[in-house]
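Note that these values count all heavy atoms, side chains included, but never hydrogens, waters or copies made by symmetry. Each chain gets a letter, A, B and so on, in the order the sequences are listed, and its residues count up from 1.
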Number of protein chains: 2
Amino acid sequence: MAEAGFARFSAREVAKRVGYSVGTLYNVFGSYDRFVLAINTRTLLGWTQALEDRLSGAGPDRIGALVNGYFDFAEANPNRWMALYDHRMPPGEEVTERFNQAFGGLIGIIEREVAAVLGSPVDAVTHALTGSLVAIVHGHCTFALNGTYRSFGGDPRAAALARIRAALTVTHY
Amino acid sequence: MAEAGFARFSAREVAKRVGYSVGTLYNVFGSYDRFVLAINTRTLLGWTQALEDRLSGAGPDRIGALVNGYFDFAEANPNRWMALYDHRMPPGEEVTERFNQAFGGLIGIIEREVAAVLGSPVDAVTHALTGSLVAIVHGHCTFALNGTYRSFGGDPRAAALARIRAALTVTHY
DNA sequence: GGAAGAAATTGATCACTGTCTATTTTCTAT
DNA sequence: ATAGAAAATAGACAGTGATCAATTTCTTCC
């Protein structure tokens, strides 16, 4: 996935490279979508770990550390990161519990820092605000990786951080 | 594309439905990627038109009209809108000039309104800020359409608009 | 050590995809 | 009516996800 990217990823190619037949892959994972989901869960866990590492070595600007950690992981693993959003479950099928937990864990890390900055408890309000802040960084990161941001000019991660700070400032009042 | 979505879209199926053979589609468009690009260019032009219509019937809150127009188009045409970002050119190949122009036109509409709100001329600074604001809305809209925002709680378009206003407020100073 | 049963693995097969090209059909202008 | 250009076709190719009966490998117990 890291090497080929979501569009060119193939279960058969994986089977060939790991020395198993296609059938085994399907016995283990059930379907192509569940296979990709397993990979994406792994990516999510690695990303969470990267953010935690950033925070543990961070100075007073923990929000800045998170935004930079977010971008750094995505830029270091563009194909894996993009696969997280390129892949969609077929209509009717639900995402794995493990995947949801991994995603929740990632958001939880960010949420704690958002609440800390605002001096608020971790509640529904900070949860919703965290989602919105993540959406801000996600949008900037997406445009950075797919080349859209180049036509805008400026540094996407600096812009994202500025918008986050503005949001947190205004929310203070 | 509107009906099947990017993942399940197929040139052969299109050929069948329009009553031509696959070969003709390839004679006309050159490749699958260029075919999708032609569709996406059309989507971009339709989206631009929708935003212009909104603005022409808008009250004093033109930024609000843009954000709502952005969301409304995406929610009314989820598959077409998502295809805009799901599709990526194969490495080495470039996007059509027509596509870039259509995208530039869309951004231009937003940029004029951003400059107007700030009382600034349309220059490199407002251009970069516009890109950042579009990234904000894009992130919220993406999470709204792919279901991610549900787990956050709250209304994605209201959140996007609040973040935009915060960004424009802080930028004033 | 060997046999019975469970577990894991295989590969052939299916319907589908994008891509390409030689061939045929249709149109256009003289 | 005809020569030449343009448009459209069908079929072949290599690749995909999916399925499943048949085979191989591993456990377990006597």
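Using modelled atom types, no side-chain atom of A:Ser132 and backbone atom of A:Ala128 make a donor-acceptor pair closer than 3.5 Å. Checking side-chain atoms of A:Thr96 against main-chain N and O of A:Arg98 turns up no donor-acceptor pair under 3.5 Å.
Between A:Thr24 and the phosphate of C:dA8, there is no side-chain N or O to OP1/OP2 separation shorter than 4.0 Å. Here A:Ser10 reaches the OP1 or OP2 of D:dT16: one of its side-chain N or O atoms lies under 4.0 Å away.
Atoms CG (B:Leu25) and C1' (C:dT17) sit 14 Å apart, rounded to a whole Å. Here the C1' atom of nucleotide D:dT16 and the CZ atom of B:Phe9 are 18 Å apart, to the nearest Å. Spacing between atom CD of A:Glu13 and atom P of D:dG17 amounts to 10 Å, rounded to whole angstrom units. Here D:dG17 presents its P atom at 13 Å from CZ of A:Arg8, a figure rounded to the nearest Å. The OH-P distance, from A:Tyr20 to D:dT24, rounds to 17 Å in whole Å.
DNA chain D is contacted by B:Asn27 of residues 26-40 of chain B, taking any non-hydrogen atom closer than 4.0 Å.
When the options B:Phe143, B:Phe71, B:Trp81 are evaluated for a ring pair (Phe, Tyr, Trp, His ring centres under 6.0 Å) with B:His138, the one that passes is B:Trp81.
Judged as a side-chain hydrogen bond (donor to acceptor under 3.5 Å, both in side chains), the pairs with a partner in residues 31-40 of chain A (not counting sequence neighbours) are, in order, A:Asp33-A:His87.
Note on B:Val22: a base of the nucleic acid sits closer than 4.0 angstrom, heavy atoms only.
Neither side chain, A:Asp53 nor A:Ser56, offers a donor N or O lying under 3.5 Å from an acceptor on the other.
A donor-acceptor contact under 3.5 Å is formed by the side chain of B:Arg12 with the base of C:dG18.
A:Tyr70 and A:Val117 end up in the same hydrophobic cluster when Ile, Leu, Val, Met, Phe, Trp and Tyr side chains are linked at under 4.5 Å.
Each of B:Gly23 and A:Gly23 was matched to the nucleotide of DNA chain C holding its nearest heavy atom; the match closer to the 5' end belongs to A:Gly23.
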